[in-house]
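Just so you know, these numbers use all the heavy atoms, side chains as well, and skip hydrogens, waters and symmetry mates. Quick note: residue numbers are just sequence positions, from 1.
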Amino acid sequence: MKIGEKIKKLRTSKLMTQSELVGSEITRNMLSQIENGNANPSLETIKYIAARLNVSPGFLISEGEDERIYFKHNEIIGIKKAFMNEDYRICRDMCLTAESEGDDEIRMILCECCLAIGIEEFFDGKLRECCKTFDEAIEACGNTLYRTDYIIAAAGAYFRYMRRISATVSSNTVDENEINVYPAMTDEFCRYVLMLDRIDGDEDSETDRDAILSVGKDGSPYVQHLLAKQHMKNGEYAEAHLCLKSILLWEHPIPQPMLYLVFGDIEICCREIEDFKGAYEYSIDKIELLQKLLS
């Protein structure tokens, strides 16, 4: 990259006008000629412009590797700031448009951003968008040398849960049933998914209550749903009904996909305890929510 092009790129990346950059030492016309390649700056002018842009004079006249190192340093500050502020969508866009987009560190941050955005979309019930974003995360994981076990495992757990809602929502990049979800067991929701699979999959034995309570805080929606599923498995529908109803009274928002499964389980419990009006009402709620989830 020629020195004029480099000066212009740095200036615009810092949102500086030509007038702001020239200050009192050089004219805007001179800067314009330098940026357009119609004039070569003197050493003193290079030093002055470098100081105004907060870079070394050597960078302005360097080529190749030094240039890439600077651009990564310049970009990574903003990327990390956006990530720490949990501005994941902004951070993702910055990673995708970064001059050093092929850098492993930036690719890893991109993976983390896509996972966080996908989880947000999942909780909001935007399942189609969520699937696409998780696929982006998994694809990005294949482009970095950093360990990405947790990201792939977490995405796999969420995909597995969404398959309970509809077979039409799944990954285009992996088979969620083949993903080892254990690396994501630090996440409460992922522990809940794994325990849900265990309760549903082992028809002949009862899941230990202590194991269920280890999933999350006592009384949390995840724990209450697992206890309800175990009660249903044992034919204790009245007890299950109480656990499920407590989820609807939770003080914090419930993930929309989870709410769909809860409505379905309450419908079953209502039928078993002969509350047919309640069963009908929850069946309607479930159908309406499904339409929203898959829209």
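Rounding to the nearest 0.5 Å gives a distance of 7.5 Å between CD1 of I199 and CG of L227. To the nearest 0.5 Å, atom CD1 of residue I109 and atom SG of residue C113 are 7.0 Å apart.
The one candidate from R52, R28, K8 that meets the side chain to side chain contact (heavy atoms under 4.5 Å, CB included) condition with L21 is R52.
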Working note: E121 + T133, criterion side chain to side chain donor-acceptor pair (under 3.5 Å); need CA distance, chi angles, decisive distance, verdict.
CA-CA 9 Å; E121 291 168 340; T133 307; 2.7 Å; yes
Steps toward side chain to side chain donor-acceptor pair (under 3.5 Å) verdict (E236, Q230)
CA-CA 8 Å; E236 300 161 350; Q230 187 61 59; over 6 Å; no
Step-by-step side chain to side chain donor-acceptor pair (under 3.5 Å) determination, T17 to S19:
CA-CA 5 Å; T17 65; S19 298; 4.7 Å; no
Checking side chain to side chain donor-acceptor pair (under 3.5 Å) for the pair Y192/H225: CA distance, chi angles, key distance, verdict?
CA-CA 9 Å; Y192 156 67; H225 193 205; 2.7 Å; yes
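Salt bridge annotation for R92-E136: present, with a cationic side-chain nitrogen under 4.0 angstrom from a carboxylate oxygen. Using a cut-off of 4.0 Å between Lys/Arg side-chain N and Asp/Glu carboxylate O, E35 and K2 are scored as not salt-bridged. Ion pairing of R11 with E20 is absent here, as no side-chain N (NZ or NE/NH1/NH2) approaches a carboxylate O to less than 4.0 Å.
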Can I get a per-line list of side-chain donor-acceptor pairs under 3.5 Å for residues 239-247, giving both atom names and the distance, sequence neighbours left out?
unit_1: K245; atom_1: NZ; unit_2: Y282; atom_2: OH; d: 2.9
unit_1: S246; atom_1: OG; unit_2: Q224; atom_2: NE2; d: 3.1
unit_1: S246; atom_1: OG; unit_2: C243; atom_2: O; d: 2.5

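Sorted by first and then second residue, the ring pair (Phe, Tyr, Trp, His ring centres under 6.0 Å) pairs with a member in residues 127-147 read F134-Y158, F134-F159; sequence neighbours excluded.
Pairing each heavy atom of F276 with each of R271, the nearest pair is CE2-O, 3.9 Å. For the pair L115 and A154, the tightest heavy-atom approach, listed with the atom from each and the gap, is CD1-CB, 4.0 Å.
For V22, the side chain to side chain contact (heavy atoms under 4.5 Å, CB included) partners two or more places apart in sequence, or in a different chain, are I26, L31.
Taking a 6.0 Å sphere around CE of M30, one finds it holds 12 or fewer heavy atoms contributed by other residues, nucleotides or ligands. Within 6.0 Å of CG in N40 there are 12 or fewer heavy atoms belonging to other residues, nucleotides or ligands. Residue R147 places its CZ atom among 12 or fewer non-hydrogen atoms of other residues, nucleotides or ligands, all under 6.0 Å distant.
In this structure a side-chain-to-backbone donor-acceptor pair under 3.5 Å is present from T12 to K9.
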